[in-house]
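Please read the structure below before turning to the comments.
A, B, ... follow the sequence lines: proteins, then strands. Residue 1 opens every chain. Any value given below was found using the heavy atoms of this structure, including those in side chains, with hydrogens, waters and symmetry copies removed. Please read all numbers here as calculations on a predicted model, not as lab measurements.
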Protein chains: 2
Amino acid sequence: MDDETAPQKGTVTQRAIERIKAMIGEGRLEPGQRLPTERDLAAQLGISRSSMREAIRALTVLGVLEARHGSGIYVTQLEAGDLLETFGVVADLSRGPRLVELLEIRRILESTATALAAARITPDQLAEVEKHLAAMNATDDPEEILAHDLAFHRVIAAAAGNETMAAILEGLSSRTFRARVWRGYQEEGAFTRTRREHAAIHRALAAHDPEAARAAAAAHVGEVEEWLRAQLGP
Amino acid sequence: MDDETAPQKGTVTQRAIERIKAMIGEGRLEPGQRLPTERDLAAQLGISRSSMREAIRALTVLGVLEARHGSGIYVTQLEAGDLLETFGVVADLSRGPRLVELLEIRRILESTATALAAARITPDQLAEVEKHLAAMNATDDPEEILAHDLAFHRVIAAAAGNETMAAILEGLSSRTFRARVWRGYQEEGAFTRTRREHAAIHRALAAHDPEAARAAAAAHVGEVEEWLRAQLGP
DNA sequence: GACGCATAGTGGTCCGACCACCCTGCTGGT
DNA sequence: ACCAGCAGGGTGGTCGGACCACTATGCGTC
């Protein structure tokens, strides 16, 4: 075995990325822990600081590491939000048929999350849902409506009790993604329908009726899905 | 307005990443297209080649760009597989309660995908499912069983017709993730139960019975989920 | 004891050089 | 005329060093 001198697979930067990921996976680096300096890390792996910086940058955008200027490099808490932020990138760069696929996934997850929320939601959380519902119906500013719409679903996802699912749904509802689809959808006077659907979701949540919540959420997303499918069609 | 000279938000590298992402989002860079050279790009944005390289590396690990040594930098096809490869990183670095959450998501998506597959699967695809099913039952080598198990579900996900969902499920079944959970699960003699569940899924697919397929797949993943939940509990 | 400043250490940026690889076009032969 | 082989230029990959911007620590001062 000569793994001592020449592994030599791929670029050095890629190898550095794998090495650091492995350290975290093996538990040698705990969440929140501070890493050695860039210079030390580069020396340890026998590569230049430039290459090490590229590796660190890559792991930073993946949400695994966090660099604090003047302080050091730290492992993130490795929570769902940290790691799944990149999911929003997928939504932002997707177009055409893939947008429909993403909405289909959102429909599946959102309906399940809403059903779970119906069973588990607390009075406080329900009050917050109602707050955003009221705010959404009290204004005509599309920006404000969109913001409260996002918050409405975010609270519900949080109430479902699965942080990972909430993070994914957050990515699937990222500002640019929603804005792109919402614009055209709302231009067709879908406001009243949207309000009716939101009211139905809220009713199911308040009644703690999971099946009704699932149906209402699925219909809510499904409406947009159908509209988008028609847009892309002939 | 002085956005001409000093946007100055975040690091220059971060800004470069956003700029390139924006170019793709606005359609100024098409999938498969070749970018200017690192040196030219750096000059265009007024930054050093080092910083530009970090930005490119970051977008490379995100699956947005692809660098070919000696040839140039290209935009990927931006397909689900390219962009969601990073989803596997999440699965690899997750532990404890988050593993259960990931399995819960996999149960939801896998059951839906299997139901869709039951309605849409072609004879050819069904034959491939049977091939892996037979191969899985014909050996005792855990490695081989795992490989055919993965392929079994991969074919089903593909038959569901949603490439994005298939890519996510692929990430949720990545080698290291499955290996870590499967090892302990199978050590408890779950082989026969797994085989029975796989047979049930195949039966539902062959009968083109979506509801039966959904139930069988949900039970299949749910078994592992329950086992893992028990492992983590007291 | 609390405040403020000097200082060492860290990540952020830039530069210039060289290497490894790919592609093209030319050259030489058949 | 055609094709194989080679040589060159262009590209990403790596390296080393220098300097800047920011943070945190500790010491001195009040």
Side-chain angles (χ1 to χ4, degrees), chain A residues 4-21 23-24 29-77 82, chain B residues 5-21 23-24 29-77 82 85:
Chain A
E4 181 77 9
T5 56
Q8 291 295 18
K9 26 181 173 177
T11 69
V12 278
T13 302
Q14 199 61 40
R15 262 179 288 159
I17 294 175
E18 297 302 329
R19 288 283 295 269
I20 297 178
K21 267 189 358 187
M23 288 188 205
I24 297 176
L29 288 177
E30 295 291 329
Q33 184 176 339
R34 185 178 180 282
L35 275 69
T37 70
E38 293 179 346
R39 295 161 174 87
D40 288 349
L41 272 176
Q44 283 180 28
L45 301 190
I47 67 179
S48 72
R49 192 185 162 207
S50 313
S51 301
M52 177 54 70
R53 273 191 60 78
E54 288 186 24
I56 293 171
R57 173 72 64 177
L59 290 170
T60 297
V61 299
L62 286 180
V64 176
L65 298 182
E66 179 192 3
R68 301 179 203 162
H69 192 168
S71 172
I73 308 165
Y74 300 80
V75 182
T76 68
Q77 292 303 318
D82 300 327
Chain B
T5 56
Q8 291 295 19
K9 25 182 175 180
T11 69
V12 284
T13 302
Q14 198 62 39
R15 263 180 288 159
I17 293 175
E18 297 302 328
R19 290 281 295 268
I20 297 178
K21 268 190 357 188
M23 287 189 206
I24 298 176
L29 289 177
E30 294 293 327
Q33 184 177 339
R34 185 178 181 281
L35 274 67
T37 70
E38 293 179 345
R39 294 161 174 88
D40 288 349
L41 272 176
Q44 282 182 28
L45 301 191
I47 66 178
S48 73
R49 191 185 164 209
S50 313
S51 301
M52 177 55 69
R53 273 191 59 78
E54 288 186 26
I56 293 171
R57 173 72 63 178
L59 290 170
T60 297
V61 300
L62 286 179
V64 176
L65 298 182
E66 178 192 4
R68 301 181 202 160
H69 191 169
S71 173
I73 308 166
Y74 300 81
V75 182
T76 67
Q77 292 303 317
D82 299 328
E85 204 167 311

Requested in this report: May I ask you to decide if E66(A)'s main-chain N or O and T60(A)'s side chain share a donor-acceptor pair within less than 3.5 Å?
Outcome: no

Query raised in the report: Just how far, in rounded Å, is C1' of dC15(D) from CD of E38(A)?
Result: 15 Å

Query raised in the report: Any Lys/Arg nitrogen of E18(A) or R15(A) sitting under 4.0 Å from an Asp/Glu carboxylate oxygen of the other?
Result: no

Requested in this report: Look at R57(A) and dT13(C) and indicate whether a side-chain polar atom (N or O) is within less than 4.0 Å of OP1 or OP2.
Outcome: yes

Requested in this report: Measure the distance from CD on E54(A) to P on dG12(C) and round it to the nearest whole Å.
Outcome: 14 Å

Query raised in the report: Hey, does L62(A) have a side-chain heavy atom less than 4.5 Å from the side chain of L62(B)?
Result: yes

Query raised in the report: When you measure from the side chain of H69(A), which nucleotide among dT14(D), dG12(C), dG12(D) comes out closest?
Result: dG12(C)

Requested in this report: Please determine, for the side chain of A67(B), which listed nucleotide (dT14(D), dT13(C), dG12(D)) has the closest atom?
Outcome: dG12(D)

Requested in this report: Using a 4.0 Å heavy-atom cut-off across all strands, classify S50(A) as base, sugar-phosphate, or nothing.
Outcome: base

**Report entry** Closest to side chain of R53(B), choosing from dG12(D), dC15(D), dC14(C)
**Finding:** dG12(D)

Report summary line: Y74(A) atom OH is separated from dC22(D) atom C1', nearest whole Å, by 13 Å

Query raised in the report: Between dC20(D) atom C1' and R49(A) atom CZ, what is the distance in whole Å?
Result: 11 Å

Query raised in the report: Is the shortest heavy-atom distance from the side chain of L45(B) to the side chain of M52(B) under 4.5 Å?
Result: yes

Report task. Verify the contact: side-chain N or O of S51(B) to OP1 or OP2 of dG12(C), cut-off strictly under 4.0 Å; return yes or no. Result -> no

Query - Whole-Å gap separating C1' (dT11(D)) and CG (L41(B)) - result: 13 Å

Query raised in the report: So which nucleotide from dT10(C), dT14(D), dT13(C) ends up closest to the side chain of T37(A)?
Result: dT10(C)

Query raised in the report: Base, sugar-phosphate, or nothing for I47(A), non-hydrogen atoms under 4.0 angstrom?
Result: sugar-phosphate

Query raised in the report: What integer distance in Å separates I73(B):CD1 from dG13(D):P?
Result: 7 Å

Query - Along DNA chain D (nearest heavy atom to each residue), the more 5'-positioned of G70(A) and S48(A) - result: S48(A)

Query raised in the report: Does S71(B) put a side-chain nitrogen or oxygen below 4.0 Å from OP1 or OP2 of dC22(C)?
Result: no

Query raised in the report: Can you find a heavy atom in the side chain of R57(A) that is under 4.5 Å from one in the side chain of Q14(B)?
Result: yes

Query - Separation of dG12(C) P from R68(A) CZ (nearest whole Å) - result: 12 Å

Query raised in the report: Roughly how many Å is it from CZ in R34(B) to C1' in dT24(C), rounded to a whole number?
Result: 13 Å

Query raised in the report: Is any side-chain N or O of R39(A) under 3.5 Å from a base N or O of dG16(D), one able to act as donor and the other as acceptor?
Result: no

Query raised in the report: Contact class for I56(B) vs. all strands (heavy atom < 4.0 Å): base, sugar-phosphate, or nothing?
Result: nothing

